[in-house]
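Below is one structure, written out as structure tokens; the observations come after it.
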Protein chains: 2
Amino acid sequence: MTERLVSMLRASDLRVTRQRQLVWEVLQQSHEHLDAEAVHTCAKARDPNISLATVYRTLATLKEVGLVEEHRLGEEHAHFEIVPQTPHYHFTCQACGCIIEFDAPQVMQAVRELSKREDLLIQHVHLFLNGLCSQCQHQQEG
Amino acid sequence: MTERLVSMLRASDLRVTRQRQLVWEVLQQSHEHLDAEAVHTCAKARDPNISLATVYRTLATLKEVGLVEEHRLGEEHAHFEIVPQTPHYHFTCQACGCIIEFDAPQVMQAVRELSKREDLLIQHVHLFLNGLCSQCQHQQEG
DNA sequence: TAGCAAATGAGAATCATTTGCAAAAAGGAG
DNA sequence: CTCCTTTTTGCAAATGATTCTCATTTGCTA
Ligand SMILES: [Mn+2]
Ligand SMILES: [Mn+2]
Ligand SMILES: [Zn+2]
Ligand SMILES: [Zn+2]
């Protein structure tokens, strides 16, 4: 787990700092989609001195080395998660805010076709849906 | 063209103001993906008094009535375009910033399957790719 | 262990977007 | 067309998210 972090940092000539390990562990332990504030809050529980600026810097660094991805889930701020083994996409409910992750192989296939047709080098694929989840659809206005 | 705007506004009991028409026309005339600043700049050419706040408010209103959609194209700010006749998705080049629009029916099909399987009501579908366009891939570092 | 470059903390700065409020304008009734 | 009510606007200040500056600390290598 922290192996992966250390080797990726070393490979990019980046230093293995306490703060980077901490942010990494926070992301590993919470399998949710945390925003920067939430990462900062969790991190402070173990290192009260870690600054929000460092959290932002670290998230950017981890994104650059390919360990973390950033999602825009319809809010004004970003959410982060560790790059998953198998890629997946996101749905969020406009009413309750719940997030549903899903995969759909057709998407990558469509992307591959486009990439070939237009000679594009694709680095990231974000598919984001929103609407109403099952529960929120079927409940009357109170 | 402005018919559509007027009828949608009327249908929602919203007033047809000069500013709303202006923002609408700006979006119609530029078939690009403008951000709020750009809309404001274009609008000011015809009404120097229109304020940025009104542009933001108007974009939000047009989005609510379903005339405009908002895209996150990897930058910190949002871009806007008139809801297109046929839905399409976006690729942006990390190097030159160019935007390529494309469609891929497989995507909506995958979305429909998910929607059925999970009983979701899908309101918006955003597929966003980034990477390097053909030109930027094949040019050496200068 | 010493030395240097990279990383951090704290706070200010910047950028994007929203809000409060008084003044202006839209739409309906007469 | 005029009056009235309510919505919308402009402006400026406020907020929220993220980045930057710079003095200080720390990781890494010799
Ligand atoms: Mn959030
Ligand atoms: Mn832009
Ligand atoms: Zn819900
Ligand atoms: Zn390019």
Side-chain angles (χ1 to χ4, degrees), chain A residues 2 5-26 33-41 43-65 67-80 97, chain B residues 2 5-26 33-41 43-65 67-80 97:
Chain A
T2 189
L5 174 69
V6 172
S7 66
M8 293 298 258
L9 288 177
R10 291 251 157 87
S12 301
D13 274 306
L14 294 168
R15 295 179 179 178
V16 180
T17 66
R18 189 165 31 81
Q19 291 88 339
R20 284 170 178 166
Q21 295 177 80
L22 185 44
V23 167
W24 176 250
E25 284 161 21
V26 165
H33 303 78
L34 303 176
D35 60 29
E37 288 285 354
V39 172
H40 186 218
T41 300
K44 271 195 300 192
R46 286 213 267 144
D47 173 357
N49 287 325
I50 191 172
S51 80
L52 181 56
T54 294
V55 169
Y56 273 106
R57 282 187 285 233
T58 301
L59 290 169
T61 301
L62 298 183
K63 205 173 76 167
E64 262 159 33
V65 302
L67 288 169
V68 160
E69 53 186 41
E70 178 178 342
H71 300 293
R72 291 285 171 166
L73 302 175
E75 294 185 281
E76 199 47 55
H77 55 261
H79 289 234
F80 299 86
Chain B
T2 187
L5 174 67
V6 171
S7 67
M8 294 300 256
L9 287 177
R10 292 252 158 88
S12 300
D13 275 305
L14 294 168
R15 294 180 181 180
V16 180
T17 65
R18 190 164 32 80
Q19 291 87 339
R20 285 173 178 164
Q21 294 177 81
L22 184 45
V23 166
W24 176 251
E25 284 160 20
V26 164
H33 303 78
L34 303 177
D35 58 29
E37 288 285 354
V39 171
H40 186 218
T41 300
K44 269 195 301 192
R46 288 213 266 144
D47 173 357
N49 286 325
I50 190 173
S51 81
L52 182 56
T54 293
V55 168
Y56 273 106
R57 283 187 284 232
T58 300
L59 290 169
T61 300
L62 297 183
K63 205 173 77 167
E64 261 159 36
V65 301
L67 288 169
V68 160
E69 53 185 41
E70 177 177 343
H71 300 293
R72 290 286 170 165
L73 302 174
E75 295 185 281
E76 198 48 53
H77 55 260
H79 289 233
F80 300 86

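All chains are named by letter (A, B, ...) in the order of the sequence lines, taking the proteins before the strands, and each is independently numbered beginning at 1.
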Notebook entry, point to check: Quick one: CZ on F80(A) to NE2 on H33(A), what's the gap to the nearest 0.5 Å?
Noted result: 12.0 Å
Notebook entry, point to check: Of all nucleotides in DNA chain C with an atom under 4.0 Å from a non-hydrogen atom of chain A, which is the first and which the last going 5' to 3'?
Noted result: dA5(C) to dT17(C)
Next item on the list: Nearest-nucleotide wise, let me know which of R10(B) and H77(B) is further upstream toward the 5' end of DNA chain C.
Entry: H77(B)
Next item on the list: Starting at atom CD of E64(A), determine the distance to atom C1' of dT19(D), rounded to an integer number of angstrom.
Entry: 14 Å
Check: Nearest heavy-atom pair of T2(A) and W24(A): which atoms, and what distance?
Finding: CA-NE1, 4.0 Å
Item checked: Residues in contact with DNA chain D, drawn from residues 12-23 of chain B - heavy-atom cutoff 4.0 Å -> L14(B), R15(B), T17(B), Q19(B), R20(B)
Check: Which residues satisfy the side chain to side chain donor-acceptor pair (under 3.5 Å) test with S7(B), sequence neighbours excluded?
Finding: none
Notebook entry, point to check: With sequence neighbours left out, what residues match H40(B) under ring pair (Phe, Tyr, Trp, His ring centres under 6.0 Å)?
Noted result: none
Item checked: Degree of bending, the helix from dT1(C)-dA30(D) to dG30(C)-dC1(D) (end axes from five pairs; round to 10°) -> 40°
Margin query: Before you tell me yes or no, could you show the steps for L67(A) and T61(A) under side chain to side chain contact (heavy atoms under 4.5 Å, CB included), namely the whole-Å CA-CA distance, both residues' side-chain angles and the distance that decides it to 0.1 Å?
Written below: CA-CA 9 Å; L67(A) 288 169; T61(A) 301; over 6 Å; no
Item checked: Among I50(A), V26(A), L22(A), side chain to side chain contact (heavy atoms under 4.5 Å, CB included) partner for K44(A) -> I50(A)
Next item on the list: Please collect all salt bridge (charged side-chain N to carboxylate O under 4.0 Å, His left out) contacts where either partner lies in residues 69-80 of chain A, sequence neighbours excluded, each pair once.
Entry: K63(A)-E70(A), E70(A)-R72(A), R72(A)-E76(B), E76(A)-R72(B)
Next item on the list: Specify the residues of residues 53-62 of chain B, ordered by number, for which at least one heavy atom lies under 4.0 angstrom from an atom of DNA chain D.
Entry: A53(B), T54(B), R57(B)
Next item on the list: Any side-chain hydrogen bond (donor to acceptor under 3.5 Å, both in side chains) involving residues 9-20 of chain B? Give me the pairs, sequence neighbours left out, ordered by first then second residue.
Entry: R18(B)-D47(B)
Next item on the list: Find the distance E76(B):CD to dC20(D):P and express it as a whole number of Å.
Entry: 11 Å
Check: Applying side-chain hydrogen bond (donor to acceptor under 3.5 Å, both in side chains), which residue pairs with at least one partner in residues 48-60 of chain B are found, sequence neighbours left out?
Finding: S51(B)-T54(B)
Next item on the list: Could you pull out all residues at least two apart from H79(A) that satisfy ring pair (Phe, Tyr, Trp, His ring centres under 6.0 Å)?
Entry: H77(A)
Check: Residues in side-chain contact (heavy atoms from CB on, under 4.5 Å) with E25(B), at least two apart?
Finding: Q21(B), Q29(B), R46(B)
Notebook entry, point to check: To the nearest Å, how far apart are L52(B) CG and dT9(D) P?
Noted result: 13 Å
Next item on the list: Write down the atom of D35(A), the atom of A78(A), and the distance for their closest heavy-atom approach.
Entry: CB-O, 3.2 Å
Next item on the list: Would you check if L5(B) and V65(B) make a side-chain contact, meaning some heavy-atom pair closer than 4.5 Å?
Entry: no
Check: Looking for any heavy atom pair under 4.0 Å, which part of the strands does D35(B) touch: base, sugar-phosphate only, or nothing?
Finding: nothing
